[in-house]
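Some notes on the structure that comes next.
Within every chain, numbering begins at 1; the chains are lettered A, B, ... in the order of the sequence lines, protein sequences first and strands thereafter. Heavy-atom basis, side chains included; hydrogens, waters and symmetry copies ignored. Treat the numbers as computed from the prediction; the structure is a model and nothing was measured.
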Amino acid sequence: MFLYVLKRILYSVPIILGVSILTFALVFMAPGDPISAIAPADAPEEVVQALKISYGLDRPVPVQYLLWLKKAVTGDLGVSIASGRPVLGEILTAFSHTLSIALIASFLGVGLGFFLGGVAGFYQNSWLDRIATFLSLIGISVPHYWLGLVLTIVFSVWLGWLPSMGAGPDSGAFYWDFEHIKFMLLPAITMAVIPTGIITRSVKSIVAEILAREFLVSLRARGLTDMTVLKHVIRNALPMVLAVVGLQIGYLMGGSILIETVFSWPGTGFLLNIAIFQRDFPLLQGIVLILCMFFVILNLVIDILQSILDPRIMRS
Amino acid sequence: MNLMSKKSLILKLVMVGLCGLLVSQQSSAETVVRYGISMADIPLTSGQPNEGAGGYQFTGHTIYDPLIAWEANISNRPGKLIKGLATDWKVDDKDKKVWHFTLRKGVKFHDGSSFDAEAVFWNLEKVLNDKSEQYDAKQAAQVKPRIPSIASYKKVDDSHIDIVTKVEDALFPYQLPWFLISSPTQWSKTKDWNKFSYEPSGTGPFKLDKLVPRERAELVKFNDYWDKTRLAQTDRVILMTIPDALTRVNALMNGQVDMIESPPPDSVEKLKSSGFKLVQNVTPHVWPYHFSTQLGSPWLDIRVRKAANLAIDRNAVVALMNGLAQPAFGQVDKTNPWFGKPNFEIKYDLAAAKALMKQAGYSKDRPVKAKVIIAKGGTGQMLSLPMNEFMQQSLAEIGINIEFEVVELENLYLHWRKGSADPLNAGKGITAINLGYVTADPFYALVRFMDSKYIAPNGVNWGGYANPIIDDLIMQIRSTYDTKKQDGYLAKVHEAMVNDALMVWVVHDTNPHMLSPKVKNYTQAQHWFQDLTTIKM
């Protein structure tokens, strides 16, 4: 197991390097420069050039990348060009905000997805199957932005039950009482919709496929109850479902720009959006690096869990 | 008096006392206004805000003061330069490049230290001397382009400072509302501008109580503010960043905020019918097409430029914006003292436009083809895409076929700085640019577009306009210290600008705000600088 984990960690290094190079290159290829974020639009050319020199932006792109990398490997992700605040601090704060709603969204998405998918797979072609499939279709088809606004109009504006935006007055720390959780509910529910749909469909097809296997037929022939058969189905389905769940959680952490904008939720998506528009290279690189590392670690954890659940994976 | 009546009297006295206590507790409760702003982050709080002119109203003129201020607490006329931390300023009789400033006495920073000439000198070093310990590149980047005239400065004594300009420039005082004074004492506690930004100290009517980046800034009233006529009328102003327009509307409707800026036009009627109040005012901002007058440009013919101006139904654009705009008849509003009396009247006259095009040899069958670079959206661009589509359709009616190059706003600024002759624009056939212009002072409104010395890369005279008569007039303005005479000359510059139809002027922004009924007062100035001390709950 240790060697397996070590090998996976070593494999991740070139992946992370490759992603950081690609991101750096793409941002430089896009028109515009970060000086626009710190100087007025009509700043004269000599002011712009002086700023570029002071921020090291006059150096060749590969040199800028290597200088950034040299600091990044020591944990120093530099400072944001636009705000002047340390990048690592900015990202960790944003990351914690996204994590809080992603946790709730994961809980909802995975829980509902398992339930609906399991029901649909177990009771194939029944009315339960049709309802679950219909709900999953809605989940993957409805646009996030629109859904977020509709939920806000209904639950915040009309009913006044929940706040419409923001992370609350004490957003700097985690509080798990309702006064703070209520700010997370609408963004988390909105976020959970797509993963629910995808996990439902995945679980349904996996469960249906397992139910058709011969060993399941033999279990039923031996007179085992539905509940016992279900346990065997879950045991066999879990490794495959975990892979889907891992992808969805990764998506929740990184793919939340629209939701965080609609709800003014100060998470990584929101920060990434700002960094892209401001061409804030240190901030952008830092966010991509952290998200990439998170994704790699998450996949590693999922792989380990899969190996534990199904030892055949490790042997192969 | 018997026992019963004594007891009754005591009881009554106790009741009265309790009521008094309750009233006094209620009246001492803090008044709070929550203001939803359209920015994605709180503007910098270290002294010189970013996010353009709009940033100054939030974390500039709230926490800090300039030497010369702008009168931002009136709404029924354009403001003017007024005394700030300087009580007097005048140019030297012998050397017109030297300005003498007399500083206000008895002013304290929020941290209790005294404001004096040393503090002014220190702040000038902060943004102009990159060798100084307190130099901050970010603040310098924001304000240096706005105080381009300063060559040097020296402290005379505790209450006087001299600033020397590069050339004689009577317009120099207009630059100083942008330059704000932060506390050297407070900075010296940490010598770190990042830490300072969380506990800043200025002389302004508000202190920063709490800063949560990208979420909120809480400003509290500074009771010892030196200008007793501008003490904040609300104890606490909470600025909340809500960049999405619909989210701002929802936050207002569900009571999470008490006022918002920039509501989307199609939400205004619904908000008004729900009891919210719309406040807007003429604002020094114009939405134009700025033409290239370089050789080869289709806009070189003045008849074509004038025809383009006559082809636009500005009232229809205002209707498209649901009333959140005002028709533009020039670079500045007609009520502005610099408007003057141009010979060319900007109005909607399709027949006259077609006639001019015919004279120039064009028509719908033989159209002018031009490419205009526009932004998808962004600050100052109003409803960029629908408005530009309207322009395209309107100009097509008179035989001007417009093709758009649509870019992000940050990219548009790059094209703007490069000028129309640069290959970045000329190489792509771009002959006009659509960018909202701030027109708050003579330089921003007129000089930077009309003076040939500001042709790119030296400035933003994007079209390459060069008129020696106007250049001389601007030189004359720079040596005219009488404000009324100055206004007269500026009016002449504006008249030339309109008569030459340098741009198609479409509308002025009105900087709309929606207020909840709980907000009793908000005075909106005819400027991007707003005075948040006027907000009353």
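Nearest heavy atoms, B:R214 versus A:P266: O-CB, 4.5 Å. Across all their heavy atoms, B:N254 and A:P163 have their closest contact at ND2-CA, 3.8 Å. Pairing each heavy atom of B:A141 with each of A:P40, the nearest pair is O-CD, 3.0 Å. The two residues A:M165 and B:Q256 have their closest heavy-atom pair at O-NE2, 2.8 Å. What you find for A:G84 and B:K138 is that their closest heavy atoms are CA-NZ, 3.6 Å.
Here the OG-CG distance, from A:S80 to B:D41, works out to 8.5 Å after rounding to the nearest 0.5 Å. Of the inter-residue distances, the one linking A:S83 atom OG with B:N194 atom CG reads 7.5 Å to the nearest 0.5 angstrom.
There is no contact between A:V79 and chain B, counting heavy-atom distances below 4.5 Å. Both the backbone and the side chain of B:N250 come within contact range of chain A, judged by heavy atoms closer than 4.5 Å. Of the two parts of A:F155, neither the backbone nor the side chain holds a non-hydrogen atom closer than 4.5 Å to a non-hydrogen atom of chain B. Heavy atoms closer than 4.5 Å to chain A are found in the side chain of B:L414, but not in its backbone. For B:Y444, the part lying near chain A is the side chain, with the backbone staying farther off; criterion is any non-hydrogen pair under 4.5 Å. Neither the backbone nor the side chain of B:Y437 comes within less than 4.5 Å of any heavy atom of chain A. Contact of B:D130 with chain A is not made at all, since no heavy-atom distance falls under 4.5 Å.
Between chain A and the residues B:P213, B:A251, B:S197, the largest count of heavy-atom pairs under 4.5 Å involves B:P213. Comparing B:R146, B:M240, B:R248 by heavy-atom pairs within less than 4.5 Å of chain A, the highest count is held by B:R146. With chain B as the partner, the residue from A:F270, A:W265, A:W158 showing the most heavy-atom pairs under 4.5 Å is A:F270. By number of non-hydrogen pairs under 4.5 angstrom with chain A, the leading residue of B:Y413, B:W416, B:Y454, B:W193 is B:W416. Of all the listed residues (B:D244, B:D136, B:V460, B:L246), the one sharing the greatest number of non-hydrogen pairs under 4.5 Å with chain A is B:D244.
B:T247 contributes a side-chain N or O that, together with a main-chain N or O of A:V262, makes up a donor-acceptor pair within less than 3.5 Å.
Residue A:K182 places its NZ atom among more than 12 non-hydrogen atoms of other residues, nucleotides or ligands, all under 6.0 Å distant. Remark: B:K144 NZ is loosely packed, at most 12 non-hydrogen atoms of other residues, nucleotides or ligands lying under 6.0 Å away. Counting non-hydrogen atoms of neighbouring residues, nucleotides and ligands closer than 6.0 angstrom, the CD atom of A:Q64 exceeds 12 such neighbours. Enclosure of atom NZ in B:K195 is not indicated, since only 12 or fewer non-hydrogen atoms of other residues, nucleotides or ligands lie within 6.0 angstrom.
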